[in-house]
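Note that the structure is predicted; figures quoted are calculated from it, not measured.
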Amino acid sequence: MSVRYKVLPIIVIMVALLLTACGGPDAPEPTATPTPEEAAPPEGESPGVVSEPAGTAGACANPYFPVVLDANWSYKISDREFGPSAFTTTVSEVLADRFTLTADFDDLTITQQWECKPEGLVALELGGGAAAALVSGDTRVQLETSNISGVTIPRTISPGDEWTHSMDVVGEVTLGPGLSGTAEGQASAIYKAVGMEPVEVPAGSFEALRVDTEFTLELNVIAETLTMPVVFNSTGSIWYVPNTSWVLERSESSAFEMTLTETIELQTYAIP
């Protein structure tokens, strides 16, 4: 959904490479995750276009992301560089004007807070907490976000619509004893709705709204006496199905002359 759960693991890899170049220990190897326990998909045919999602009301109602407590979606990631992995996203808390998503990877759980506004749903965090922490081996990245603007998933979307979402980021990075750094910058996303397209994923065949995305994370990382820019760019498309959520994402990302190409497909889902 552009402010993606995969962003933080990729940041760990990027910063590890940076600090290693400054004389630190070897970068941690990315860990492939096994397929999570499957949730039973709901019966019935693929949903069509609707104006309001089933089972959701009030400020959090959104046709393209059902904010329903305990709703869950299991995805498989096909990553050309690092191999396959998987995760499951669950709506773990719903309040009147906000909700929490929890993403479970192999040995990592990430929570992300969202706000429900009249114009749509807004991610408040970069793939994990306002004081988000990601730990991988001896590497720790802790990030805080502020000055959030725009919307992540509008309440209504028509082909040709464009919108933006951005936030400031500040954090601390540790790569083991005696080697640490700080980082600050901004994450921003541009979205453009293209139109309805047929898609087929393991969870089924759907008519989905394709949204093209451009995501940029710009950080200045200070390690030892060095200040170095880190720029993470990602372009791709996300396919949203009314009353179901997003079912497919394709993206190509780049940083440090490294290109990451991945496809994320919905495997199963359950919406109470």
Side-chain angles (χ1 to χ4, degrees), residues 1-7 41-68 71-78 87-91 99 101 103 112 114-123 127 150-166 188-216 234-253 261-271:
M1 294 164 20
S2 189
V3 185
R4 291 186 275 271
Y5 295 115
K6 285 284 284 182
V7 170
E43 297 180 356
E45 298 181 355
S46 302
V49 177
V50 295
S51 58
E52 291 292 342
T56 310
C60 293
N62 189 289
Y64 293 100
F65 190 80
V67 182
V68 180
N72 60 84
W73 301 264
S74 294
Y75 296 93
K76 181 178 180 181
I77 305 170
S78 299
F87 67 97
T88 295
T89 299
T90 303
V91 179
F99 63 97
L101 293 182
Q112 186 183 43
W114 288 66
E115 186 176 3
C116 306
K117 294 187 174 183
E119 59 269 29
L121 307 179
V122 181
V151 62
T152 312
I153 309 176
R155 190 180 181 97
T156 61
I157 306 175
S158 299
D161 286 354
E162 295 188 31
W163 64 96
T164 62
H165 177 233
S166 65
S188 60
I190 301 172
Y191 303 87
K192 182 175 182 178
V194 177
M196 301 300 291
E197 298 180 352
V199 296
E200 186 171 347
V201 295
S205 299
F206 305 93
E207 284 292 320
L209 175 66
R210 174 181 153 195
V211 176
D212 289 347
T213 67
E214 297 180 19
F215 177 81
T216 301
S234 179
T235 60
S237 299
I238 305 173
W239 284 263
Y240 289 91
V241 174
N243 276 352
T244 303
S245 185
W246 62 281
V247 301
L248 174 66
E249 179 178 341
R250 294 193 178 106
S251 65
E252 182 173 288
S253 308
T261 303
E262 68 180 19
T263 297
I264 307 177
E265 296 180 310
L266 182 66
Q267 306 295 300
T268 62
Y269 65 101
I271 303 173

Using only atom types and a distance under 3.5 Å, with no angle test, would you say the side chain of [X] pairs donor to acceptor with the backbone of [Y]?
X	Y	answer
His165	Val122	no
Gln267	Glu265	yes
Asn62	Pro154	yes

Ring geometry between Phe65 and Phe99 (parallel below 30°, tilted from 30 to 60°, perpendicular above 60°):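 The rings of Phe99 and Phe65 lie parallel, inter-plane angle below 30°.
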Flag side-chain contact, heavy atom, 4.5 Å: [X] against [Y]:
X	Y	result
Trp114	Val67	no
Pro198	Ser205	no
Leu248	Ile238	no
Ile157	Trp163	yes
Leu101	Val91	yes

Return the [atom1] to [atom2] distance between [X] and [Y], rounded to the nearest 0.5 Å.
X	Y	atom1	atom2	value
Ile264	Ser78	CD1	OG	9.0 Å
Asn243	Ile271	CG	CD1	7.0 Å
Ile153	Glu119	CD1	CD	13.0 Å
Asp161	Lys192	CG	NZ	10.5 Å
Leu266	Thr244	CG	OG1	8.0 Å

Are any of the side-chain nitrogens in Arg210 or Glu197 under 4.0 Å away from the carboxylate oxygens of its partner?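 Yes.
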Applying side chain to side chain contact (heavy atoms under 4.5 Å, CB included) to Thr164 and Ser188, what does each step give before you reach the verdict? CA-CA 7 Å; Thr164 62; Ser188 60; over 6 Å; no
Report the C-alpha distance between Ser74 and Thr88 in whole Å, list the side-chain angles of each, state the deciding distance to 0.1 Å, and finish with yes or no for side-chain hydrogen bond (donor to acceptor under 3.5 Å, both in side chains). CA-CA 4 Å; Ser74 294; Thr88 295; 2.9 Å; yes
Distance-minimising heavy-atom pair for Val247 and Val241: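 Result for this residue pair: CG1-CG2, 3.7 Å.
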Closest approach of Tyr191 and Val151, non-hydrogen atoms and distance?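 In this case the closest contact between Tyr191 and Val151 is CE1-O, 4.2 Å.
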Do Phe87 and Ile77 pass the side chain to side chain contact (heavy atoms under 4.5 Å, CB included) test, and can you show the C-alpha distance, the side-chain angles, and the key distance before you say yes or no? CA-CA 8 Å; Phe87 67 97; Ile77 305 170; 3.6 Å; yes
Passing option when Trp246 is tested against Trp73, Trp239, Tyr240, Tyr64 for side chain to side chain contact (heavy atoms under 4.5 Å, CB included):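 It is Tyr240, the one option of Trp73, Trp239, Tyr240, Tyr64 that forms the side chain to side chain contact (heavy atoms under 4.5 Å, CB included) with Trp246.
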Would you say the side-chain atoms of Ser237 and Asp212 include a donor-acceptor pair closer than 3.5 Å?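 Asp212 and Ser237 do have a side-chain donor-acceptor pair below 3.5 Å.
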Can you see whether Ser253 engages Ser234 through a side-chain donor-acceptor pair at a distance of less than 3.5 angstrom?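 Side-chain D/A pair, Ser253 to Ser234: present.
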